[in-house]
Amino acid sequence: MAEGEPGRPPLADLILTGDATLAALAAQGDRAAFGELVRRAMPGVRSVLRRMGAQPATADDVAQDAFLAAHRSVDSYRGEASFAAWTMRIAARLYVRRMRGEARFLTGEEGEHFATGSISEDPAAGMDLDRALALLSPAERLCVSLCHGAGFTQAEIAAELNMPLGTVKSHVLRGLDKLRQRLEVAS
Amino acid sequence: MNDERSIEDLFAVPARRDDDAALVGAVMHRLEVSRARRALLLGVAVSVGVALTATLLVASGVLPLAGAGARRLLSLLQTEAGAMPDLHWRATAALAALGVTALIGAATRVLREG
């Protein structure tokens, strides 16, 4: 759709247009509107995938697939949450489904993931969320990121991961405790 | 860092990232490729569908013949069909039209869903 076409703001104004309006335009085939949505949501989508434990290349692949899936169903986006949050959920589901077949997905040895000396080794760098998450077990990291990053309920996480609800709750609680502990130490 | 709210606040801040613009460009490129592929597929499906439908409608006598080429085609088809009763031609045409409609429907679905 060209700039100035009736029914859509000029390109320069897209940046000021709300997600729901942009999604409605994208559903009508407006590429620039969808491009603006992708631009807004990309940092959040990549972040949540990386925080779930995805390697950079995998995170980028899944992020692309998630945006293509979002484009196909953009007419079902109702604007109740931000487009970024909506796409994060799509991306998180895609990542979980992609990784389900990998044997080490949730079964990594805890010892491999807890580098307890890293906080004091590099005090100048501080301890941000991403570094703290890297110290959790894969299951804790995934459950905490799905819950607090992608906005899944614990019941939704249990369904996605084929895991008992009680186990999910334990992973989230333990993960949060560890995060708090490490972030407090760092601050 | 005293409650879950503050953890969610931390999650709300995107991680430090290298080049989002390149990945945005990659997504838009894949969308464009997907759109072109779907358009090509739809074009082929519609062309095949129209050609099949026209051929069968002419051959079954539903549409009047137009031009020498169509007459030759009809003659060829009738030769191949031999003594097939007229009713069978019409039934064949109706089934083929249904098939073509399904083909176009499938192509449309591909076009919509990518």
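Numbers restart at 1 for each chain; the letters A, B, ... are given by sequence-line order, proteins then strands.
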Does any non-hydrogen side-chain atom of B:Leu10 lie less than 4.5 Å from one of A:Leu183? yes
Using the ring-ring contact (aromatic ring centres under 6.0 Å, His included) criterion, which residues pair with A:His71? Sequence neighbours excluded. A:Phe34
Contacting region of A:Ser145 [heavy-atom separation from chain B under 4.5 Å]: both
Check whether A:Val144 gets within reach of chain B through its side chain, its backbone, both or neither, counting any heavy atom under 4.5 Å. both
Return the minimal non-hydrogen interatomic distance between A:Met42 and B:Val24, and the atom names on each side. CE-N, 3.8 Å
For B:Leu23 versus A:Ala63, what's the shortest heavy-atom pair and its separation? CD2-CB, 4.3 Å
Nearest-0.5 Å distance that lies between atom CD in A:Gln64 and atom CG in B:Leu31: 10.0 Å
Polar side-chain atom of A:Arg51 near backbone of B:Phe11 as donor-acceptor pair, under 3.5 Å: yes
List the atom pairs, with distances to 0.1 Å, where a side-chain N or O of residues 159-169 of chain A and a protein N or O form a donor-acceptor pair under 3.5 Å, not counting sequence neighbours.
residue, atom, partner, partner atom, Å
A:Glu160, OE2, A:Arg93, NE, 2.7
A:Glu160, OE2, A:Arg97, NH2, 3.2

Between A:Arg39 and B:Asp20, is the side-chain contact (heavy atoms from CB on, under 4.5 Å) condition met? List the steps. CA-CA 8 Å; A:Arg39 191 190 63 74; B:Asp20 283 334; over 6 Å; no
